[in-house]
Amino acid sequence: MSATVGHVVVVGASAAGVTVADTLRDEGHDGRITLIGAEPERPYDRPPLSKDVLAGTREPAATALRTHTHYEDRGIELRTGRTVVSADPTAREVQLDTGETLRYDVLVAATGVGPRRLPLGLPHGQRRPHRLAGVHVLRTLHDLAAFRTDMLTAHRVVVVGSGLLGMEVAATCRGLDVGVTVVSRGPAPLHGQFGATVGGKVAALHVEHGVDLRSGVGVADLTEARGRVTGVTLTDRSTVAADVVLVAVGSDPHTGWLADPMRGLDTADGLGCDAYCRAAPGIFAAGDVARWHHPALGAPVRVEHRMNATEQGICVARNILGAAQPYAPVPYAWTDHYDARIQTYGFMGPRHQFAVVEGSLTERRFVVVYGMHGRVTGALAWRYPKGLRRARELVAQTAPWAEIHNRRRTSAAMSTTTAATTTTSLHSRGVLR
Amino acid sequence: MHIVVDTDRCVGGGQCVMAAPEIFDQNDDDGTVVLLRADPPPDASAAVREAARLCPALAITLVEEEQ
Ligand SMILES: Cc1cc2nc3c(=O)[nH]c(=O)nc-3n(C[C@H](O)[C@H](O)[C@H](O)COP(=O)(O)OP(=O)(O)OC[C@H]3O[C@@H](n4cnc5c(N)ncnc54)[C@H](O)[C@@H]3O)c2cc1C
Ligand code: SF4
């Protein structure tokens, strides 16, 4: 089999890239595999960086994705601290920052995403916001070390952005008794991810834990003294004094090395792929950087979650080996805030239909499902993992929306308390507001 | 093959349970993995390997016995 595969070059040595390399080896490819990563560290896991590693309860070294000898043991040529600067699909070559050229038979883009920065044109002074001491982003171990050192001695951290990363960092900082202000452009934290109702629950949870939450405003400017940030000015003209600012306003896919119109690749938002995660003959993509045609949804999607990096990495490796397997996952993700773990399957957002199917919103232990065009598209559990597994079925089958009523009748028969708390909770978002 | 799970790392998504339901379960409380059989029968080893590979928290370690 591997005689036809040849040399596989994987660009990006993180969750997706490592999974591609491992799965190729495990499933029969005995040819050459080169795994190239821009970061100096051996591949490591990112989710702990906003959780226990930031809290100080897990060592940064404990985030390693594999043991030290793993790559050598499997004959995977790991090259860390090396950046691929461009690719030539016609010659089947990639160029490294060392000036070296590497020939490939199959190329895998697993380059992930990088944090978006505050707009450079902020009105304040000549200093660009990210050059000020005390202004941070959080994506890498390097970012973590810098942010954590500053944060531990801070009186107040301003988190700009109320997505998953920003809110997890807010929770972890509060756990360390550091003052936190969150600046949220939307009406509530995680509103764009989970909609108004769950967003409202997230807001309440954080406010209870002492987060100063400013919703519906943006950052107009940063204030500084002698090159160090001293606070932020918001679009409503209010100011917040802060010694540290974490910018968590989303991310952009790392496709610069592929983005040459001459190469004919679609890099509008990540690397565009077909249902087999193939961007062009001999070129595949996996993980945060991959935008592929989801066969069950009939639409292009790009997923920035840890589980997808693994699942898509497995699928890409199998397709390189000839499996011809369309990639149609039910994406799983989780996020931790204080004692609450929120877990999701599938797709959801503020414009989706919404219904509670188990538990109760007021008790903060529930499962909700989301729908679009009369079909179930996603499920979310708040401190209710077993319930989520039951709801996953509805998502996996893209069940008709009407079926959740049957579901609720069944659970009512099993548990009257559950039924009592859920009967009134079927709303679309329009009804709720 | 011997399985070791690290419940501190587990994020409770249940991918292991879906891959190998005879070997892994989750507790009702927070979904943390429960190992049903630390020494799975040989015919389950492919499913167990898939579970370990899928685990997004690197909570499942497989110790392969010397042949
Ligand atoms: C702080 C934090 C917390 C998170 N928490 C969660 C969570 O709770 N749940 C969840 O589901 N997901 C979470 N995520 C998201 C999850 O970590 C990502 O989905 C996952 O890391 C994606 O893996 P990847 O391999 O696709 O990309 P990445 O992990 O982004 O890795 C890409 C790698 O490619 C390298 N690279 C880029 N360009 C080049 C180049 N030209 N040449 C060589 N190398 C290059 C990069 O340096 C990087 O090392 C979190 C992310 C962060 C940052
Ligand atoms: S797959 Fe891993 S993280 Fe998920 S429940 Fe199983 S052991 Fe825990």
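Just so we're on the same page: letters track the sequence lines, and every chain starts at 1.
Note: A:R392 leads A:R392, A:R365, A:R383, A:H305 in heavy-atom pairs under 4.5 Å with chain B.
Residues A:R389 and B:V17 form a side-chain contact, since some pair of their non-hydrogen atoms from C-beta on lies under 4.5 Å apart. Looking at heavy atoms from C-beta onward, A:I314 lies in side-chain contact with B:L54 at the 4.5 angstrom threshold.
Nearest heavy-atom pair, A:P385 versus B:G31, reported as atom, atom and distance to 0.1 Å: CG-N, 3.1 Å. Annotation for B:G13 and A:Y345: closest pair O-OH, 3.2 Å, computed over non-hydrogen atoms.
Only the backbone of A:A64 has a heavy atom closer than 4.5 Å to any heavy atom of chain B. At a 4.5 Å heavy-atom cutoff, A:A15 makes no contact with chain B through either its backbone or its side chain. Contact of B:D25 with chain A is made through the side chain alone, with heavy-atom distances under 4.5 Å. Looking at A:L65, both its backbone and its side chain come within 4.5 Å of chain B, counting heavy atoms on both sides.
Using a 4.0 Å cut-off between charged nitrogen and carboxylate oxygen, B:D8 and A:R58 do not count as a salt-bridge pair. Between B:R53 and A:E311 there is no salt bridge, since no side-chain nitrogen of the basic residue lies less than 4.0 Å from a carboxylate oxygen of the acidic one.
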Checklist entry - Are A:D26 and B:R49 close enough, and set up right, to give a side chain to side chain contact (heavy atoms under 4.5 Å, CB included), and what steps lead you there? => result CA-CA 10 Å; A:D26 286 351; B:R49 273 202 196 91; 5.7 Å; no
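The side-chain contact (heavy atoms from CB on, under 4.5 Å) with B:V11 is formed by just one residue from the set A:K51, A:R341, A:Q343, A:M307; it is A:R341.
Proximity of a side-chain donor or acceptor of A:K386 to a complementary backbone N or O of B:D30 within less than 3.5 Å is not detected.
B:D28 CG to A:Y384 OH: the interatomic distance, rounded to the nearest 0.5 Å, is 9.0 Å.
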